[in-house]
Protein chains: 2
Amino acid sequence: MARKTGSHSQITGPKVRQAASKLFARHGFAAVSMRQIASEVGVQAGALYLYTPDKQSLLFDLMQGHMQDLLTAWEAQEKGRGPLEQLEAFVRFHIGFHLDRPDAVFIAYMELRNLSDENFAVIEGLRKRYEDVLESILREGQQAGVFAVPDTKLAMMALIAMLTGVNTWYREGGRLSRDKVEAIYWDMARKAVAA
Amino acid sequence: MARKTGSHSQITGPKVRQAASKLFARHGFAAVSMRQIASEVGVQAGALYLYTPDKQSLLFDLMQGHMQDLLTAWEAQEKGRGPLEQLEAFVRFHIGFHLDRPDAVFIAYMELRNLSDENFAVIEGLRKRYEDVLESILREGQQAGVFAVPDTKLAMMALIAMLTGVNTWYREGGRLSRDKVEAIYWDMARKAVAA
DNA sequence: GTCTATAAGGTGATAGAC
DNA sequence: GTCTATCACCTTATAGAC
């Protein structure tokens, strides 16, 4: 049988991040105390500092991990050949990836202002890399005459805002399946930038 | 000459709301203390309680005022006759109104989770009334055969997210004028829902 | 109308026992 | 690896002086 007190470093570490993610998403970084996180994990507050140097690092690790997962997942994605196929792949990928991890997405969008200056710069760099993926697709399609976007940066911003917005209203088991939602958004995105 | 201590109730009240709006938008409701707000206004913390019963009410009044301004401004707006003219009016109105008050918009979107349950219900009701404006335009256009939106609720959500997203990147005096931005977004919105 | 002082309690982070 | 105890400080909100 297990001891009441013992070695759990390989279990407690992930549990700390998971608890922080859940609580930061629900109540916001500033409103959550280290004691609340510890209570969710099932340890005392002091024990958290074995897994993070401070609260700020906990937030940064969560956000950096999320952005890196996003970029890695896109790179591993099957992409079509032409701009139209690539845009469809991006739209479906973005919606699916974001719906899979609502807490991480919420934190990544809401807690930027609670990052230290240095940490903010890192996260912004990763975000820019992701935005460049979509902007490149749009630029390529524009040059090929498949899209008619007078400004690729604006079109990129408009599409990303539209797609990420799904997270604010979609509920699993609701009126529409994920696939149906992806199809409807792909239809709107396609038409919005069509030549 | 003015006394150091005197009667300023008609000046201090608005200053408190303005300071709170600025600080909540920059740092978040939970991260801002009553002492910080007082310091921004130029009074001591205790004096704030002459103008608000508590911190929660300060947040609620800001958000409720913003949502009521939004609905009032839309009702005072010139609208076109057909669905297409009405959609153009909505797109341009939404972008313009939101760019005019970035702090209030930021708070309205970011601080919902810091409202008490009762206050949240009130704000959600006002938000729903605004969403209904756009959904009605889309439904009317769908029935008239001007729009092709398989689901008016989804199209409404997609368009509002897209339009509100302008606030995240637009900077006064930047590369594009407000009117140019409105024109480009109107072009994308129109095409996205076009028949 | 605003101030100072204070109540009652929460905060992030660390030290040392086990 | 985790706990308890603690430090120094900040929090919202109120009472009473001016």
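Below, chains carry the letters A, B, ... as their sequence lines are ordered, and counting in each starts from 1. Since the structure is predicted, the reported quantities are computational estimates derived from the model, not experimental observations.
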Mind calculating the distance between [atom1] ([X]) and [atom2] ([N]) to the nearest angstrom?
{"X": "Leu50(B)", "N": "dA13(D)", "atom1": "CG", "atom2": "P", "answer": "14 Å"}
{"X": "Phe29(B)", "N": "dT11(D)", "atom1": "CZ", "atom2": "C1'", "answer": "12 Å"}
{"X": "Asp54(B)", "N": "dT11(D)", "atom1": "CG", "atom2": "C1'", "answer": "14 Å"}
{"X": "Asn114(A)", "N": "dG12(C)", "atom1": "CG", "atom2": "P", "answer": "12 Å"}
{"X": "Leu48(B)", "N": "dA13(D)", "atom1": "CG", "atom2": "P", "answer": "10 Å"}
{"X": "Gln10(B)", "N": "dG1(C)", "atom1": "CD", "atom2": "P", "answer": "9 Å"}
{"X": "Lys55(B)", "N": "dT11(D)", "atom1": "NZ", "atom2": "P", "answer": "9 Å"}
{"X": "Gln44(B)", "N": "dT2(C)", "atom1": "CD", "atom2": "P", "answer": "12 Å"}

How long is the gap from CD on Gln18(A) to CG on Leu23(A), to the nearest 0.5 Å?
10.5 Å
Non-hydrogen side-chain atoms of Arg17(B) and Pro14(B) separated by less than 4.5 Å
yes
Would you say Thr12(B) reaches dG1(C)'s phosphate, i.e. side-chain N/O to OP1/OP2 under 4.0 Å?
no
Angle between ring planes, His94(B) versus His98(B), binned at 30° and 60°: parallel, tilted or perpendicular?
parallel
Is the ring pair Tyr130(B)/Phe93(B) parallel, tilted or perpendicular, if the boundaries are 30 and 60 degrees?
tilted
Looking at DNA chain C, which of residues 32-43 of chain A put a heavy atom within less than 4.0 Å of it?
Val32(A), Ser33(A), Met34(A), Arg35(A)
Could I get the full list of side chain to side chain contact (heavy atoms under 4.5 Å, CB included) partners for Arg175(A), not counting sequence neighbours?
Asp151(B), Lys153(B), Leu154(B)
Only pairs under 3.5 Å count here: list side-chain donor-acceptor contacts from residues 67-81 of chain A, not counting sequence neighbours, and write none if there are none.
from	atom 1	to	atom 2	distance (Å)
Thr72(A)	OG1	Gln68(A)	O	2.8
Lys79(A)	NZ	Trp74(A)	O	3.2
Lys79(A)	NZ	Glu75(A)	O	3.4

Selected nucleotide, minimal atom distance to Tyr49(B) side chain, candidates dC3(D), dA13(D), dA13(C):
dA13(D)
Nearest-nucleotide 5' precedence on DNA chain C, Ala45(A) against Ala31(A):
Ala31(A)
